[in-house]
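Below is one structure, written out as structure tokens, with a few remarks after it.
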Amino acid sequence: TGDLLGTFRIGRLTIADEQGIWLVAENLLMDWKPLALRKRALRVDALEADLIHVLRRPDLVPSDKPKKEGGSMPLRAGDIEKLRIGEFRSDEGVLPRALSLEIDGAGRVGLDGGTTQLSVLPLDGKGDRLFADLKWSDDFRLLGNLQLEGPAGGLFASLARLEENQSISATINADGELLDWRADADVLIDAENVFALKASAEGQTINFDAIVHPGLHPLTASVAETLGDTLDINGKLMREGKTPVLDVTANADGLELTPL
């Protein structure tokens, strides 16, 4: 009911493939401003659902129609004032473990940077968790905090392409002003640090130092056989006019990369 070019609600939506229904959504609400697309922007006041239930993995058939070239209108900006999913549920088999999550958020992105506030909480008291309150500039300077906990077989561990028995956690802490700030980030797999970053900015220059352990991730474990267990990356990101300039050095047992 409602106006598809404004505010509308769908009581129940099902998506099916040749095997039957694989997704059910209930009480969907969309409140948006389609005229903003003329300015290559997506403006959404509210995107809500009481329930999104993924029953199984879909059996998607690739289209045999040739892709059309041209005619695209890439977006330059977008914002969602309210995102709410009362329950995102997926049955066991979609991912290694069943999920029941509550999701709330808001965000904005544009050529000058963006902001995001996002909360993901398990409804059964255990499972994936995410708290994010971040602001960033167009040259990737972050302000705010992020905390992520992804148990083995859950949503975040699966998105990270981990093995079924591997868990993931991550933190980001950044404070100061956009022209004078400091930040650190850590990503852990099974409580072992796979990525650590420290960065700071003074004026238009960002200094950073990152340590990566590629052998801890299943997709990069083979790289560690060549590079070694530790990859150290440091450098500067400088702005010259409107163009960012990257000056980076990388060192490992099997690699040495220095700027020209």
Other ILVMFWY residues reachable from M238 by side-chain steps of under 4.5 Å: V245
same_hphob_cluster(L188, F131) at 4.5 Å side-chain heavy-atom cutoff: no
Do L51 and F88 belong to the same hydrophobic cluster, where Ile, Leu, Val, Met, Phe, Trp and Tyr are linked whenever their side-chain heavy atoms lie under 4.5 Å apart, directly or via other members? no
Test side chain to side chain donor-acceptor pair (under 3.5 Å) applied to D175 - qualifying residues, sequence neighbours left out: R182
According to the salt bridge (charged side-chain N to carboxylate O under 4.0 Å, His left out) rule, which pairs have a member within residues 225-236, sequence neighbours left out? none
Got L37 and L75 here, is their nearest side-chain heavy-atom distance under 4.5 Å? yes
State plainly whether the residues E48 and K82 are in salt-bridge range, i.e. N to O under 4.0 Å. yes
What closest approach, in Å, do V94 and R57 show between heavy atoms, and which atom pair accounts for it? O-NE, 2.8 Å
Are F8 and L35 co-members of a hydrophobic cluster defined by side-chain heavy atoms under 4.5 Å apart? no
Any side-chain heavy-atom pair of I211 and F195 under 4.5 Å: no
Please list, chain by chain and in numerical order, all residues satisfying side chain to side chain contact (heavy atoms under 4.5 Å, CB included) with D3, sequence neighbours excluded. L5
Assigning hydrophobic clusters by single linkage (Ile, Leu, Val, Met, Phe, Trp, Tyr; side-chain heavy-atom cutoff under 4.5 Å), is L121 placed with V54? no
Show which side-chain atoms of residues 99-120 pair as donor or acceptor with protein atoms under 3.5 Å away, not counting sequence neighbours.
unit_1, atom_1, unit_2, atom_2, d
S100, OG, E87, OE2, 2.8
R108, NH1, D112, OD1, 3.4

Value for CZ (R56) from OG (S90), rounded to nearest 0.5 Å, stands at 14.0 Å
With sequence neighbours excluded, residues passing side chain to side chain donor-acceptor pair (under 3.5 Å) with T205: none
So do V248 and I233 actually touch side chain to side chain, heavy atoms under 4.5 Å? yes
Taken in chain and number order and not counting sequence neighbours, the residues that satisfy side chain to side chain donor-acceptor pair (under 3.5 Å) with R43 are D79
Nearest 0.5 Å, what's the CG-CG distance between D186 and N193? 4.5 Å
Rounded to the nearest 0.5 Å, how far does OG of S169 lie from CD of E192? 11.5 Å
Across all chains, not counting sequence neighbours, the side chain to side chain contact (heavy atoms under 4.5 Å, CB included) partners of I189 are L162, Q166, V194, H217
Going by side chain to side chain donor-acceptor pair (under 3.5 Å), name the residues that satisfy it together with N145, two or more places apart in sequence or in a different chain. N173
What residue among T171, D133, L130 forms side-chain contact (heavy atoms from CB on, under 4.5 Å) with L146? L130
Could you tabulate the donor-acceptor pairs under 3.5 Å formed by side-chain atoms of residues 19-33, not counting sequence neighbours?
unit_1, atom_1, unit_2, atom_2, d
E26, OE2, R12, NH1, 3.3
N27, OD1, R9, NH1, 3.0
N27, ND2, D50, OD2, 2.7
D31, OD1, T7, OG1, 2.9
W32, NE1, L4, O, 3.0
K33, NZ, D45, OD1, 3.1
K33, NZ, D45, OD2, 2.4

Interatomic distance, L237 atom CG to N207 atom CG [nearest 0.5 angstrom]: 9.5 Å
Checking D209 now: which residues fulfil salt bridge (charged side-chain N to carboxylate O under 4.0 Å, His left out) with it, not counting sequence neighbours? none
CD1 of I52 to CD1 of I15: how many Å apart, nearest 0.5 Å? 9.0 Å
Just distance, no hydrogens or angles: give the donor-acceptor pairs under 3.5 Å from side chains in residues 148-161, sequence neighbours left out.
unit_1, atom_1, unit_2, atom_2, d
S158, OG, G154, O, 2.7

So which atom in W181 and which in L142 form the shortest heavy-atom distance, rounded to 0.1 Å? CE3-O, 3.8 Å
According to a hydrophobic-cluster definition based on side-chain heavy atoms being under 4.5 Å apart (Ile, Leu, Val, Met, Phe, Trp, Tyr only), do L123 and L95 belong together? no
